[in-house]
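Contents: one structure, followed by commentary.
Order of listing sets the numbers, starting from 1, for every ligand and every atom in it.
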Amino acid sequence: MKSYLVGGAVRDRLLGLPPGDRDFVVVGETPESMLAAGFRPVGRDFPVFLHPDTGEEYALARTERKSAPGHRGFVVHADPSVTLDQDLARRDFTINAIAEDADGDVVDPLGGVRDIEARVLRHVGPAFVEDPLRVLRAARFMARLAPLGFEVAPETMALMRQMAAGGELDTLVAERVWQELSKALSAAQPSAFLRTLREADALRAVLPEVDALYGVPQRAEYHPEVDTGIHQELVSDMAARLAPGDTVVGFAALTHDLGKARTPAHELPRHVGHEQAGLAPLRALCERLKVPLEHRDLALVACREHLNVHRLRELRDTTVHDLLVRCDAFRKPGRIAKLALVCEADKRGRLGLEDEPYPQAAQLRRMHAAALSIQARDLAREGLEGPAIGDALRKARVAAIRAARGATADA
Ligand SMILES: Nc1ccn([C@@H]2O[C@H](COP(=O)(O)OP(=O)(O)OP(=O)(O)O)[C@@H](O)[C@H]2O)c(=O)n1
């Protein structure tokens, strides 16, 4: 069987990045011969099989044609006559269209190696426009590759703009948009995802709530970057730095200020009440993209509470306790550490203030740990019952928060 390693694994090896999943393309085979060789079929739409031992994906070489607009109507043609070059030519970017044979020899008919060296993300051919998801893929590859010096080729950007203008992105299903967004959030520079989509005039189609923040001014004495859209970019990149790969933190960081787009013009550049105003657009975004619950819940908490965490030192002990309860921090203990990271990213995601200390993060974790160490069952052991347990629990937790306030060591 003639098979080649293709796609991300070859690209990442050539870039010196840690390789992800390995995908193979197979030439000269049929579904029947794959099954006879012990491969297991996956999916219905594409002729893809799993290796019996390694579980890695082996796809029959194929060509694709579109018969309908949007992300539908792919006509897949995969018979044994389809060549490796034909398969590579149906792919999205030249850097993703490099193959490697079993001896490690590179097959690169489309100049992918040259583009890797020149740090260019370039589409393979005119069929690029047939799949609107590729606009989002370009943006998420940039979130990963911009720090290495990559730029989108001008002719590719022109096609992306054309696809966005044609309304093609409206046809994408929620799961695919979320998948690309979450991959961008787990990359080193999520801001490059936003910037690339904006340049293609595509951000407002997929993330209108996020797009709405560009051009909204903030007070320059607190926010030297002024533009709220730039602030959300800086916060997203800071979250990726503080919590690499954590898309729960990353999503909350991206969306914590959505309410600032709703501030009436006569109140600008102040944004009184933006924490509450942000909840409705955030809920709408989460519903539309079917954002996973853990991501949604932390984002809602961060949107509502980020100002409270910033002024933690001024809050009364009972108020901190109530904040922890509102965050469901006693049933979901991991949430507070993530909230602290989002708030730190918010404060340090400001132009020129990236290295500001943020002692509130450690203080919040310490207070939470102290309050969490007191459990209802301990009070029950002391003979308390019914509502008395609730009162005593609150009192003891407030006292623990007070004691932790003064402590210096991070819990
Ligand atoms: N809309 C798409 C999706 C995928 N591909 C091709 O299929 C390969 C595998 O796709 P995927 O696993 O989604 O991406 P990778 O490039 O492997 O990147 P990563 O693993 O980092 O997501 C890509 O490299 C590309 O050649 C494509 O041309 N067009």
(message) As an exercise, identify every atom of ligand 1 less than 4.0 angstrom from a heavy atom of R11.
(response) 15 (P), 16 (O), 18 (O), 19 (P), 21 (O)

(message) Can you confirm if the aromatic rings of H123 and F93 lie within a centre distance of less than 6.0 Å?
(response) no

(message) Assess whether a salt bridge exists between R350 and E356, defined as any Lys/Arg side-chain N lying under 4.0 Å from an Asp/Glu carboxylate O.
(response) yes

(request) Quick one: look at N96 and ligand 1, take heavy-atom pairs under 4.0 Å, and tell me if it's side chain, backbone, both or neither. (result) both

(message) Looking at R283 and E287, is any side-chain nitrogen of the basic one under 4.0 Å from a carboxylate oxygen of the acidic one?
(response) no

(request) Please confirm whether R90 comes within less than 3.5 Å of ligand 1 when only nitrogen or oxygen atoms on both sides are compared. (result) no

(message) Whether R90 engages the ring of F128 as a cation-pi pair (distance to the six-membered ring centre under 6.0 angstrom, angle to the ring normal within 45°) should be assessed.
(response) no

(request) Please work out which of R176, R144, R140 has its closest non-hydrogen atom nearest to atom 22 (O) of ligand 1. (result) R140

(request) Answer with yes or no whether D21 contacts ligand 1, where contact means a heavy atom under 4.0 Å from a ligand atom. (result) no

(message) For H256 and H306, take the angle between the two ring planes, folded into 0 to 90°, and tell me which bin it lands in: parallel under 30, tilted 30 to 60, perpendicular over 60.
(response) perpendicular

(request) From the options E180, R137, R91, R134, select the one whose nearest heavy atom is closest to atom 10 (O) of ligand 1. (result) R137

(request) Enumerate the atoms of ligand 1 whose separation from the nearest heavy atom of D92 is less than 4.0 angstrom. (result) 25 (C), 26 (O), 27 (C), 28 (O), 29 (N)

(message) Between D79 and S81, do the side chains contain a donor N or O and an acceptor N or O under 3.5 Å apart?
(response) yes

(message) Only heavy atoms of G7, strictly under 4.0 Å: list the atoms of ligand 1 that pass.
(response) 24 (O)

